[in-house]
**Q** 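Starting off with a structure, shown below.
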Amino acid sequence: MQYILEKNKIIYKNVTDYDLKQTFQCGQTFRFDEYKDGFTGFIQSKPCYITLKDEILTVEILNGQVNDELAEKIGDFLALNMDYDMLKQKFSQDETLKKAIEYAPGIRVLNQDFFQTLITFIISQNNNIPRIKKLCDLLAEKYGTKVGNSFVFPTAQQMKDITEQDYKDMKFGFRAKYLADAVQKFISGEIDEVTVKSMSYKDAQKYLMQIKGVGPKVADCVLLFSCKQYESFPKDVWINRAMEILFPQGVPECCKGYEGIAQQYIFHYARFNL
């Protein structure tokens with residue numbers, strides 16, 4: 001990962017196998033919005049404007065200066081240290097998966113904040129992306145910190161006093177009791193980020209499923225999108241249908257250890273082609 005710092009900008013060089021639209025609109029994150037030639041959103045609680053042109057990915061910090069530590073953290077969030085050229089060559093040993101990759105070759109799996117990912121994917125259950133985004137923004141506006149004209153997604157401490165009835169009043173529906181339980185377990189330390197990230201995939205999945213309403217799919221999304229557990233393979237209606245049609249024998253062997261990254265190519269391909 002090569003970069004230079006320029007006032008309030010971090011400029012990453014030689015960024016290949018990356019498409020911002022495919023990455024931010026593939027269903028793995030809900031608080032980035034398309035704006036002009038790129039996307040706006042928060043990384044490390046800082047409002048950013050992200051653009052990519054001619055293998056130059058620029059992250060403009062909208063309210064402050066940049067430094068090497070921030071550049072490394074943002075690069076990690078954007079998965080700039082992952083060798084996607086190598087992964088795609090590996091996955092392309094399977095002809096069907098190769099077609100899925102060719103359809104959306106610029107998808108990357110982001111490394112997001114653990115607590116935010118947990119909460120947003122609880123919200124995502126039986127929901128559509130526009131409504132998920134609306135509810136996530138509502139939480140940020142009511143309980144998060146205002147930075148400029150936007151609001152950072154709230155921390156667990158900022159959410160600790162929200163009651164189940166409060167969530168119901170905000171139209172979270174059946175998810176209200178799940179959100180209240182998740183925040184309580186996180187605050188108490190019953191669910192601990194460091195512990196999750198130190199576990200094997202199966203143990204971590206089981207651990208997260210202690211939270212009310214968190215089943216295998218939500219647990220797998222949290223592990224894949226915030227814990228670098230790349231063997232996590234979230235399954236929903238789309239992916240189950242895709243697997244039945246495209247991979248009736250299961251995930252190809254060439255994906256071993258990175259099944260979750262392969263899933264993103266399959267999921268995106270299935271949504272628009274099956």
Side-chain angles (χ1 to χ4, degrees), residues 1 23 26-31 41-46 68-84 86-87 90-91 107-125 136 152-160 175 178-236 239 250-251 253-264 267:
M1 180 174 63
T23 296
C26 70
Q28 64 174 314
T29 189
F30 306 107
R31 299 212 68 229
F42 284 92
I43 307 177
Q44 294 290 314
S45 299
K46 295 186 178 296
D68 288 317
E69 182 182 5
L70 182 62
E72 292 291 338
K73 287 180 176 179
I74 290 178
D76 183 64
F77 176 95
L78 294 170
L80 295 179
N81 284 319
M82 287 286 288
D83 188 346
Y84 269 72
M86 177 276 291
L87 284 176
K90 179 180 172 68
F91 295 166
I107 290 177
R108 293 229 178 180
V109 172
L110 302 171
N111 300 315
Q112 302 175 68
D113 175 78
F114 173 79
F115 177 75
Q116 180 175 328
T117 306
L118 173 62
I119 297 301
T120 57
F121 275 94
I122 290 174
I123 293 170
S124 78
Q125 295 180 85
C136 290
V152 185
F153 194 82
T155 64
Q157 284 294 328
Q158 288 173 316
M159 292 178 65
K160 68 182 177 63
R175 305 166 194 84
Y178 305 155
L179 293 167
D181 188 64
V183 174
Q184 184 277 320
K185 282 186 166 66
F186 189 88
I187 290 287
S188 69
E190 190 173 346
I191 295 297
D192 177 68
E193 179 179 353
V194 174
T195 301
V196 174
K197 292 181 176 180
S198 69
M199 289 178 161
S200 67
Y201 161 57
K202 282 297 182 184
D203 287 344
Q205 184 194 57
K206 185 177 179 181
Y207 180 80
L208 288 176
M209 287 167 61
Q210 297 177 83
I211 301 168
K212 289 179 183 177
V214 172
K217 192 246 179 172
V218 171
D220 280 344
C221 287
V222 175
L223 293 173
L224 178 60
F225 301 135
S226 71
C227 299
K228 300 184 181 180
Q229 288 275 16
Y230 296 121
E231 61 187 291
S232 304
F233 195 91
K235 294 178 181 177
D236 63 4
I239 201 67
V251 184
E253 184 65 25
C254 62
C255 302
K256 191 170 180 61
Y258 298 96
E259 292 91 340
I261 294 178
Q263 186 264 17
Q264 286 295 282
F267 177 80

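Predicted model only: the values in this text are computed from it and were never measured.
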**Q** Using the test salt bridge (Lys or Arg N to Asp or Glu O under 4.0 Å), find all partners of Lys90 that sit at least two apart in sequence or belong to another chain.
**A** none
**Q** Sequence neighbours excluded, which residues qualify as side-chain hydrogen bond (donor to acceptor under 3.5 Å, both in side chains) partners of Thr29?
**A** Gln112
**Q** Does Phe115 have any ring pair (Phe, Tyr, Trp, His ring centres under 6.0 Å) partners at least two apart in sequence or in another chain, and if so, which?
**A** Phe186
**Q** Could I get the full list of salt bridge (Lys or Arg N to Asp or Glu O under 4.0 Å) partners for Arg31, not counting sequence neighbours?
**A** Asp137
**Q** List for me each residue that meets side-chain contact (heavy atoms from CB on, under 4.5 Å) alongside Ser226, sequence neighbours excluded, and say none if there are none.
**A** Phe114, Thr117, Val222
**Q** Please identify each residue that fulfils salt bridge (Lys or Arg N to Asp or Glu O under 4.0 Å) with Lys206, with sequence neighbours left out.
**A** none
**Q** Show every donor-acceptor pair shorter than 3.5 Å between a side-chain atom in residues 73-80 and any protein atom, with sequence neighbours excluded, or say none if there are none.
**A**
{"unit_1": "Lys73", "atom_1": "NZ", "unit_2": "Glu69", "atom_2": "OE2", "d": "3.2"}
{"unit_1": "Asp76", "atom_1": "OD1", "unit_2": "Lys228", "atom_2": "NZ", "d": "2.7"}

**Q** Work out which heavy atom in Val196 is nearest to a heavy atom in Cys227; give both atom names and the distance.
**A** CG1-SG, 3.9 Å
**Q** Sequence neighbours excluded, which residues qualify as side-chain hydrogen bond (donor to acceptor under 3.5 Å, both in side chains) partners of Asp83?
**A** none
**Q** Return the minimal non-hydrogen interatomic distance between Tyr258 and Met82, and the atom names on each side.
**A** CE2-CE, 4.2 Å
**Q** With sequence neighbours left out, which residue pairs that include part of residues 203-228 fulfil the ring pair (Phe, Tyr, Trp, His ring centres under 6.0 Å) condition?
**A** Phe121-Phe225
**Q** Nearest 0.5 Å, what's the SG-CD distance between Cys136 and Gln116?
**A** 7.5 Å
**Q** Nearest 0.5 Å, please: how far is CD in Glu259 from CZ in Phe233?
**A** 8.0 Å
**Q** Gln28 and Arg108: which non-hydrogen atoms are nearest, and at how many Å?
**A** NE2-O, 2.6 Å
**Q** Going through the distances and angles, do Val218 and Tyr178 end up as a side chain to side chain contact (heavy atoms under 4.5 Å, CB included)?
**A** CA-CA 12 Å; Val218 171; Tyr178 305 155; over 6 Å; no
**Q** Rounded at 0.5 Å granularity, tell me how far SG in Cys221 sits from CD1 in Ile122.
**A** 11.5 Å
**Q** Quick check: closest heavy atoms across Lys235 and Lys217, and the distance to 0.1 Å?
**A** O-CG, 3.0 Å
**Q** Taking C-beta and beyond as the side chain, do Ile119 and Val183 meet within less than 4.5 Å on heavy atoms?
**A** yes
**Q** Quick one: side-chain hydrogen bond (donor to acceptor under 3.5 Å, both in side chains) partners of Glu193, sequence neighbours excluded?
**A** Lys197
**Q** With sequence neighbours excluded, what pairs up with Gln205 under the side-chain contact (heavy atoms from CB on, under 4.5 Å) test?
**A** Tyr201, Lys202, Met209, Pro216, Ala219, Asp220, Leu223
**Q** What are the two closest heavy atoms between Ser124 and Phe30, and how far apart are they?
**A** CB-CZ, 4.3 Å
**Q** To the nearest 0.5 angstrom, please state how far the CD1 atom of Ile191 sits from the CG atom of Leu118.
**A** 8.0 Å
**Q** As an exercise, state the distance from CE of Met159 to CZ of Phe153, rounded to the nearest 0.5 Å.
**A** 5.5 Å
**Q** CG of Leu208 to OG of Ser232: how many Å apart, nearest 0.5 Å?
**A** 9.5 Å
**Q** With sequence neighbours left out, what residues match Ser188 under side-chain hydrogen bond (donor to acceptor under 3.5 Å, both in side chains)?
**A** none
**Q** Examine distances only and state if a side-chain atom of Asp236 and a backbone atom of Ile239 form a donor-acceptor pair shorter than 3.5 Å.
**A** yes
**Q** For the residue pair Leu224 and Gly260, what are the closest heavy atoms and their distance?
**A** CD2-O, 3.6 Å
